[in-house]
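These notes are about the structure you will find just below.
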There are 2 protein chains.
Amino acid sequence: MSFPAASGRRRPVTQEDVARAVGVSRTLVSFAFRGAPGVSPETRDAILEAARRLGYRHNVLAAGLASKRASAVGLYLLDLHNEVYADIFAGVSEALGDGAHRLILGVTDSPSGSGRAAADSLIEARIGVLIAATLTDPDAYIRELTQTVPVVNVARRVPGVDSIYSDDRAGTSAAVSHLLGLGHTRIAHMAGPPHEGHLERRRTYERLMVSAGLEPRVVPAQDYTQEAAERAAHALLAAPERPTAVFAHNDELALGVREAAYALGLRVPQDLSLIGYDNSRLARLRGIDLTSVDLHARDLGKAAGEAALERLAQPEAPAMERRSEPHLVLRASTAGPASS
Amino acid sequence: MSFPAASGRRRPVTQEDVARAVGVSRTLVSFAFRGAPGVSPETRDAILEAARRLGYRHNVLAAGLASKRASAVGLYLLDLHNEVYADIFAGVSEALGDGAHRLILGVTDSPSGSGRAAADSLIEARIGVLIAATLTDPDAYIRELTQTVPVVNVARRVPGVDSIYSDDRAGTSAAVSHLLGLGHTRIAHMAGPPHEGHLERRRTYERLMVSAGLEPRVVPAQDYTQEAAERAAHALLAAPERPTAVFAHNDELALGVREAAYALGLRVPQDLSLIGYDNSRLARLRGIDLTSVDLHARDLGKAAGEAALERLAQPEAPAMERRSEPHLVLRASTAGPASS
DNA sequence: ATGAAAGCGCTAACAC
DNA sequence: GTGTTAGCGCTTTCAT
């Protein structure tokens, strides 16, 4: 191949070029593009036509710099490998519509580390509001971000900061009660890394176990990946006094437990009952059939998008919280304990 | 709650503020941040220290505007729900390192439509190079983009444009040959939408079938989602002359076929052999065990990231192509046809 | 080693 | 309805 890959790329066309071509001032061109009032229809059409012909591209860098207020929305995700984040993204995207608000994504490099880098890069892009969908950062860090940019939490509650979340207590309660109802007594909890700020599921699990007169057993995975859960679950399930049921913090971790179980020759649900959280597509696949708590991620994302828009409009309004109800979806991964 | 959510957010700190605090000029502050030569160590430290104390945040909008050349890399993805894109992202991210190149994500709203909006928004953000990971846009559109910004294709080949791709002919050949070797004669192909520019797998399948003296049967899904494939597969598998094997364009579509098969009471692989493409995590899960062609998405992403960096450095170099070899991973979703 | 000054392309008063 | 003008915060010659 000897095409020059950059064939004929030249200096970008600016509003000035368009203005000159039409024979009007730069201001009118700027107005025309944003549908601002005070431009006659003919001028408007002429400008749009000329812009198209010349190949004009709006420069958001310049526009953002010049305009006082930042209207872009930043979405800060923990891990693209977890489909829940795809659902949240879809919801946010839907809420913003094809309107005037750019959506900028920031993704944490590793699902273990705090996503400071991702959040920083979003802030440097001068977003007007940050939607945070992360588990690994402590509450204090989220609050710190608030000093710089308004933050809306999704699928997490941080007191004093806008939070769109699902009732984890109710979800956990439904899951654990289901296992208790089936007759399980040795129920373990596969949790996320211990340094997190997202502990409601774990705490609720512990509380429920204690009030049922049972001993809680929490196993923390090193990060929120299937692989980490697999490693952590291996030791748990290889021991003689292994649990007969595991409630996992999310589907990702539940699948890790599942893989570890199969690797050890344990069958789900005959030898091990398993409940996940998120009701992601993975859980729904035949052959997986994972009982899981649905927190309606896409709806959460949509609500977060709407909340972000409100926050943009009312920067000084008091922090708002919106809690939704999850529900347990029963599938084939749970059964009574083996009669041994 | 009555906290003001926006407590104490004030005018952003600029380099000017830092300069004043230290007692130097703005120029030096700018230099200090970019590690440019010509700043004495003491001044440098003083500047960095002051910046930290004042809470200075670099403004990429202003920086991008002021600097002649765009160094940001745009990554344009088709669908966050497909984990392959997460792998590609991880690879690109690794290649860019934590260096001087910002990575900006653009995601198509719907996996069916062309991602013009996503690409446009990336271009408006004045990226220096665009990495395109999309299937639904025609070659002509990719070439059109090239007029505006250098493009690097991942997992796809567009002649005359930088392309990092996997040998689809070899991958398809391995898959179809495997099915032929097992004794299948009624092998269908679940393809993507017909209006695409990514037809190598389909064409190769057709060619192989014909040279084996068999009749090709291509079923196009409406978009690249599991659901679309499920709908399309239902009719295919409900018919009396149904195929005994299906080769799908990717794992996503293969899973759709799988769901449709199960819904109709067909077992995989006893009643239907199935091969996917991508060897994504889904394929590897126990209970799914999908035979699949691995195209090493993360490696492709990494190579694309490197290519993007090279393109940034050499805008006028001739278009480059890098082709890698995929390999077929055998699992439990394929077997000989039922002896009926 | 440090500083002055000229923009980058756009928005937003404000005037006409 | 249209044009003038002053920045937005930064990079980048070019002096000193």
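Chain A is the first sequence line, chain B the second, and so forth, proteins listed ahead of strands; every chain is numbered from 1.
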Using five pairs at either end of the helix from dA1(C)-dT16(D) to dC16(C)-dG1(D), determine the angle between the two local helix axes and round it to 10 degrees.
30°
Sort me out a list of protein N/O and nucleotides 14-16 of chain D N/O pairs below 3.5 Å, or just none if empty.
none

Closest approach of Val18(A) to Leu54(A) (non-hydrogen atoms, all atoms of both residues)
CA-CD1, 3.9 Å
Under a 4.0 Å N-O cut-off, is there an ion pair linking Asp17(A) with Arg20(A)?
yes
Among Arg322(B), Arg311(B), Arg143(B), Arg157(B), find the one that has a salt bridge (charged side-chain N to carboxylate O under 4.0 Å, His left out) with Asp162(B).
Arg311(B)
Would you sort out whether Leu75(B) and Ile104(B) count as a side-chain contact (heavy atoms from CB on, under 4.5 Å), showing the intermediate values?
CA-CA 6 Å; Leu75(B) 174 59; Ile104(B) 309 180; over 6 Å; no
Please state how far atom CZ in Arg102(B) lies from atom P in dC10(D), giving the value in whole angstrom units.
14 Å
Of dG9(D), dT4(D), dT11(C), the nucleotide closest to the side chain of Ser25(A) is dT4(D)
Between Ser30(B) and dC10(D), does any side-chain N or O lie under 4.0 Å from OP1 or OP2?
no
Under 4.0 Å between any heavy atoms, over every strand shown, what does Thr27(A) touch: base, sugar-phosphate, or nothing? Just pick one.
base
Exceeds 12 heavy-atom contacts within 6.0 angstrom, atom CD of Glu144(A)
yes
Arg44(B) side-chain N/O to dA1(C) phosphate OP1/OP2 under 4.0 Å:
no
Counting the atoms with a prime plus P, OP1 and OP2 as sugar-phosphate, which does Phe33(A) contact under 4.0 Å by heavy atoms, base, sugar-phosphate, or nothing?
nothing
Would Thr134(B) and Thr108(B) satisfy side-chain contact (heavy atoms from CB on, under 4.5 Å), going step by step from the backbone distance to the final call?
CA-CA 9 Å; Thr134(B) 167; Thr108(B) 307; 5.5 Å; no
Could you tell me which non-hydrogen atom of Gly305(B) sits nearest to which non-hydrogen atom of Leu96(B), and how far apart they are?
O-CD2, 4.0 Å
Salt-bridge criterion met for Arg57(A) and Glu124(B) (N-O under 4.0 Å)
no
Pairing of Asp139(B) and Arg156(B) as salt bridge, 4.0 angstrom limit
yes
Closest to the Leu65(B) side chain, choosing from dG9(D), dT2(D), dC10(C)
dG9(D)
Between P of dC8(D) and CD of Gln15(B), the distance in whole Å
14 Å
Taking CG from Leu61(B) and P from dC10(C), how many angstroms apart are they, rounded to a whole number?
13 Å
Side chain of Arg69(A): nearest nucleotide among dA12(C), dC8(D), dC10(D)?
dA12(C)
What's the CG-P distance between Asn59(A) and dC10(D), to the nearest Å?
17 Å
Tell me: CD of Glu16(B) to C1' of dA5(C), nearest whole Å?
13 Å
Mind calculating the distance between CZ (Arg34(B)) and C1' (dT12(D)) to the nearest angstrom?
8 Å
Can you find a side chain N or O atom of Arg126(A) that sits less than 4.0 Å from OP1 or OP2 on dG9(D)?
no
Reckon Thr14(B) has a side-chain N or O less than 4.0 Å from the OP1 or OP2 of dC8(D)?
no
Tell me if a side-chain donor or acceptor on Ser163(A) pairs with a main-chain N or O of Val158(A) at a distance below 3.5 Å.
yes
Side chain of Ser67(A) only, heavy atoms from C-beta on: which candidate in dT11(C), dT2(C), dC10(D) is closest?
dT11(C)
Please test Tyr224(B) against Leu135(B) for side-chain contact (heavy atoms from CB on, under 4.5 Å), starting from the C-alpha separation and ending with a verdict.
CA-CA 9 Å; Tyr224(B) 285 100; Leu135(B) 305 175; 3.6 Å; yes
Between CD of Glu124(B) and P of dG9(C) the distance, given in whole Å, is 15 Å
Toward the 5' end of DNA chain D, by each residue's nearest nucleotide, Val39(A) or Gly64(B):
Val39(A)
Contact under 4.0 Å: Ser40(B) side-chain N or O vs dT2(C) OP1/OP2:
yes
Atom CG of Asp45(B) and atom C1' of dA1(C): how far apart are they, to the nearest Å?
15 Å
Across the strands shown, which category fits Val60(B) at heavy-atom distances under 4.0 angstrom: base, sugar-phosphate, nothing?
nothing
Hey, does Arg26(B) reach any base, or is it just sugar-phosphate, or nothing, if we go heavy atoms under 4.0 Å?
base
